[in-house]
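Just so you know, ligand 1 is whichever comes first in the structure, and atom 1 is the first atom listed for that ligand.
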Amino acid sequence: MDNTRITDLAVVVANQSDIPRHVAVIMDGNGRWAKNRNLPRVAGHRKGVEHVRDMVTVCGEKGIKYLTLFAFSSENWRRPPQEVRLLMDLFLNALENEIIKLHKNKVRFRTIGDIERFGKKITDLIHQSETLTQKNDALTLTVAVNYGGRWDIARACAELAQRAVRGEIDPKTIREENIEPFLSLAGYPEPDLFIRTGGEQRISNFLLWQLAYTEMYFTPVLWPDFDRAHFEQALVSYAGRQRRFGLTGEQIEAARHA
Ligand code: IPE
Ligand code: IPE
Ligand code: MG
């Protein structure tokens with residue numbers, strides 16, 4: 001690592017706070033929650049929407065500025081068509097019902113992912129919601145729908161390749177920082193804390209690039225049971241960690257007190 005990067009990291013470390021700026025969540029376990037109660041899977045998805053509201057509220061209270069939620073992966077199309085349709089309807093209804101309240105609470109709403117595949121009704125509503133809330137600055141709520149981390153990176157590479165073909169960029173000069181502006185979350189701070197509910201310990205093609213140095217928190221609690229107390233527990237776990245970004249613990253302490 002060269003000296004410039006160490007200086008950058010010193011700044012990053014000095015700015016570390018016990019409260020994450022950006023939290024990314026895989027909301028998993030809805031189906032199992034419903035199954036445990038002999039209910040159809042969609043009942044779990046429905047219940048899960050309520051906890052999105054709780055999370056947005058807690059983020060507002062704690063001063064967390066970015067919340068990024070995985071709602072539907074590019075691989076979730078493989079599910080039975082009926083479940084996919086119900087998930088779409090639920091997303092549409094939730095957005096229709098909540099967007100005015102989100103706007104009142106100064107939440108900027110965004111989606112990432114290949115939304116065109118959802119058809120005109122959902123795409124239009126997403127665009128209207130994004131435009132309505134684009135100037136809000138209390139919290140950026142980003143919902144990943146038809147999103148895949150590999151799709152995101154491939155798209156950024158395609159964009160760079162096109163620029164190279166047009167002669168706007170020399171491929172030999174491409175560095176990590178040239179890729180970032182073409183990713184879906186360009187301009188966001190990287191997630192500080194990643195939470196996955198439902199007991200699985202995997203990333204399932206979520207934010208592959210951005211999670212490089214994120215603190216991971218896995219909990220067996222199923223998403224429809226994940227209330228504000230569980231979220232606060234995750235925040236306590238985060239606050240107790242020392243992030244080192246490849247440096248030694250001593251370097252981190254020195255940077256903190258510089
Ligand atoms: C997460 O819950 C929601 C989506 C993937 C849309 P699941 O539906 O994956 O629930 P489990 O993992 O089957 O319990
Ligand atoms: C990840 O959950 C995607 C979302 C929560 C939207 P999955 O339930 O699809 O992940 P896998 O299949 O268990 O890896
Ligand atoms: Mg699952």
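For the Mg ion (ligand 3), protein N, O or S atoms closer than 2.8 Å were enumerated as Asp28 OD1, with waters left out.
Screening Phe218, Phe70, Tyr213 for a ring pair (Phe, Tyr, Trp, His ring centres under 6.0 Å) involving Phe194 leaves a single residue, Phe218.
Rounding to the nearest 0.5 Å gives a distance of 6.5 Å between CD1 of Ile195 and CG of Leu235.
Between Phe206 and Tyr147, the ring-plane angle classifies as perpendicular under the 30° and 60° cut-offs. A tilted orientation is assigned to the rings of Phe109 and Phe91, their planes being inclined by 30° to 60°.
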Which pairs of N or O atoms, one from ligand 2 and one from the protein, are separated by less than 3.5 Å, and what is the distance for each pair?
{"from": "ligand 2", "atom 1": "8 (O)", "to": "Asp28", "atom 2": "OD1", "distance (Å)": "3.2"}
{"from": "ligand 2", "atom 1": "8 (O)", "to": "Arg79", "atom 2": "NH2", "distance (Å)": "3.3"}
{"from": "ligand 2", "atom 1": "9 (O)", "to": "Asn76", "atom 2": "ND2", "distance (Å)": "2.9"}
{"from": "ligand 2", "atom 1": "10 (O)", "to": "Arg196", "atom 2": "NH2", "distance (Å)": "3.3"}
{"from": "ligand 2", "atom 1": "10 (O)", "to": "Ser204", "atom 2": "OG", "distance (Å)": "3.4"}
{"from": "ligand 2", "atom 1": "13 (O)", "to": "Arg202", "atom 2": "NH2", "distance (Å)": "2.8"}
{"from": "ligand 2", "atom 1": "14 (O)", "to": "Arg202", "atom 2": "NE", "distance (Å)": "2.9"}
{"from": "ligand 2", "atom 1": "14 (O)", "to": "Ser204", "atom 2": "OG", "distance (Å)": "2.6"}

Test Glu159 against Arg155 for salt bridge (Lys or Arg N to Asp or Glu O under 4.0 Å), laying out the working first.
-> CA-CA 6 Å; Glu159 189 58 45; Arg155 214 177 48 125; over 6 Å; no
Start with the C-alpha gap between Tyr238 and Gln233, add the side-chain angles, then the distance that decides, and say whether side-chain contact (heavy atoms from CB on, under 4.5 Å) holds.
-> CA-CA 9 Å; Tyr238 174 80; Gln233 229 171 306; over 6 Å; no
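When each atom of ligand 1 is checked for a heavy atom of His45 under 4.0 Å away, the hits are 3 (C), 8 (O). Residue Arg41 approaches ligand 1 through these ligand atoms, each under 4.0 Å from one of its heavy atoms: 7 (P), 8 (O), 10 (O), 13 (O).
Partners of Asn38 by side-chain contact (heavy atoms from CB on, under 4.5 Å), not counting sequence neighbours: none found.
No more than 12 heavy atoms of other residues, nucleotides or ligands shown are found within 6.0 angstrom of CZ on Arg150.
No donor-acceptor contact under 3.5 angstrom links the side chains of Glu190 and Thr214, judged on distance only.
Within the structure, ring pair (Phe, Tyr, Trp, His ring centres under 6.0 Å) contacts touching residues 32-62 (residues at least two apart or in different chains) do not occur.
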